[in-house]
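See structure below.
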Protein chains: 2
Amino acid sequence: MVNRSEYISDAVIRRLPRYYRHLGELMNQGITRISSGELGAQMGLTASQVRQDFNHFGGFGQQGYGYNVKDLYKEVASILGIDQMHKAVIIGAGHLGAALVKYPNFIKRGFDFVALFDVNPDLIGTDIGGVPIYSMDTLEEYIEANNIDIVVLTIPKVEASLVGERLSSTSIRGIWNFASRDLKISNPNIIIENVQLSDSLMRLSYRMHNDQRD
Amino acid sequence: MVNRSEYISDAVIRRLPRYYRHLGELMNQGITRISSGELGAQMGLTASQVRQDFNHFGGFGQQGYGYNVKDLYKEVASILGIDQMHKAVIIGAGHLGAALVKYPNFIKRGFDFVALFDVNPDLIGTDIGGVPIYSMDTLEEYIEANNIDIVVLTIPKVEASLVGERLSSTSIRGIWNFASRDLKISNPNIIIENVQLSDSLMRLSYRMHNDQRD
DNA sequence: TAGATTGTTAATCGATTAACAATC
DNA sequence: TAGATTGTTAATCGATTAACAATC
């Protein structure tokens, strides 16, 4: 993968996981090649947009042929960094934490949830689907000893900022935050992805009340 | 709220829940008025963008004063349609379904999860946090009898499309889909919001590997 | 009134679309 | 070779930013 290290817009970044999933489904269907026009039609994009998107990263097609589905899939995986394994822990062993641990798609995409952490003494020492639950006291120690690079926060917002600061001084590289307030921490090298489920539900409500086809 | 019924871009729609949340926090802090410049600075937007956004819906400020926080909050709620109550059911009483039922923010924003549905006979007849779990056999009947307008799908993708088709012939107005394949159904009047949690995680991975500040 | 800040028009910037020579 | 389809440049469209008269 050639990353020309030009600026990549958010619009492009948002489409990358969609390409990845779609190409995966094409592979499942046994489709080995596809043109930008056909791929775009299936995904609701123009042929130009598809080609422009991939040319940000070098362009993976061949004139007169189109794109090899499997090769393109691998390239997109590489661009997304999901050709590498990521070790992750989840803080908060509630229902959401349990749902994420048990969800099979993540491990398929290289995200390995290896431990849970919680403050509840009744949970510490137990496990969810074979993934152990540890005490919050051992968090930093565990992260460093096990080369954890992503921490998932499924804890209430009041606790999230405090835990965020604790994570600031660890060697993790990303936080996937489900707390209902956007997280900001002092370490600028740690990337934060805030997931606001209620934003998604509010957008659904908006569209239900202001019917625009998309 | 004046909706001029012009086309509203997706970029604007995505900002509306953020405004709503931010204004809510300002209210909690006892702040009663704010200028577009200050609101923008706090949210990482320009003053122009803030004013343009609100002027799509009529403009709620006053020259020389700015915006009344509480009034603006109510206006945004009205635009989003969350000044009205929405009755919802969740299909799939697993961990994710349980997490959503128990999450207090949704009821605060007018989304009332009144029932769960599942195929597992061990779960049918029990409840989660007081919300009953019913058999899938009674789904359509329940929806019509209780004026349900949103259905949440927390079931595997293989089952989601079948359930989606069943929902096509009901009077619901929206589907909030957590299954890992984008849902399409035959009834064009039902709005679908697909939540792809793994897309979010892949974007985090992308940013961890291609460090761009945002 | 003077100062502040809006609503709105105009200018700019960036993303998407169109066009086409290059080439498989 | 002829046909297909890319990579890439140019044109267009739309979103964001700037500017400023209106006005509280």
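Naming convention: chains lettered A, B, ... in sequence-line order (proteins, then strands); numbering from 1 in each chain.
- Protein atom CG of A:Asp10 is 12 Å distant from nucleotide atom C1' of C:dA15, rounded to whole Å.
- OP1 or OP2 of C:dT6 sits under 4.0 Å from a side-chain N or O of B:Arg51.
- By the neighbour-count criterion of 12 heavy atoms within 6.0 Å, atom NZ of B:Lys157 is densely surrounded, having more than that number from other residues, nucleotides or ligands.
- Judged by distance alone, the side chain of A:Lys87 and the main-chain N or O of A:Ile150 form no donor-acceptor pair under 3.5 Å.
- Summarising the geometry, the separation between OH on A:Tyr65 and C1' on D:dG7 is reported as 17 Å, rounded to the nearest angstrom.
- Interface remark: the B:Gln52 side chain does form a donor-acceptor pair with the C:dT9 base, using a distance-only criterion of under 3.5 Å.
- Within 4.0 Å of A:Ser35, counting heavy atoms only, lie sugar-phosphate atoms of the nucleic acid but no base atom.
- For A:Tyr7 and C:dA15, the shortest distance from a side-chain N or O to OP1 or OP2 is not below 4.0 Å.
- Regarding A:Asn55, its CG atom lies at a distance of 16 Å from the P atom of C:dT17, rounded to whole Å.
- One finds no side-chain N or O of B:Ser48 lying less than 4.0 angstrom from the OP1 or OP2 phosphate oxygen of D:dT16.
- Rounded to an integer number of Å, the gap from CG of B:Asp71 to P of C:dT6 is 14 Å.
- In this entry the distance linking CD of B:Gln49 with P of D:dG14 reads 18 Å, nearest Å.
- In terms of position along DNA chain D, the nucleotide closest to A:Gly61 lies nearer the 5' end than the nucleotide closest to the other residue of the pair B:Asp53 and A:Gly61.
- For the pair B:Arg33 and B:Tyr65, the cation-pi criterion (under 6.0 Å, within 45° of the ring axis) is fulfilled.
- If you take CD of B:Gln63 and P of C:dG7, they are 6 Å apart, rounded to a whole angstrom.
- Protein atom CZ of B:Phe54 is 15 Å distant from nucleotide atom P of C:dT8, rounded to whole Å.
- Across all strands shown, C:dT16 forms a Watson-Crick or G-U wobble pair, both distances under 3.5 Å, with D:dA11.
- A ring pair (Phe, Tyr, Trp, His ring centres under 6.0 Å) with A:His86 is found for one member of A:Phe113, A:Phe106, A:Phe111 and no other, namely A:Phe111.
- In this structure, the CG atom of B:Leu45 is 16 Å from the C1' atom of D:dA18, given to the nearest Å.
- Taking the charged nitrogens against the carboxylate oxygens, A:Lys74 and A:Asp83 have no contact shorter than 4.0 Å, which rules out a salt bridge.
- A donor-acceptor contact under 3.5 Å is not formed by the side chain of B:Ser9 with the base of D:dA15.
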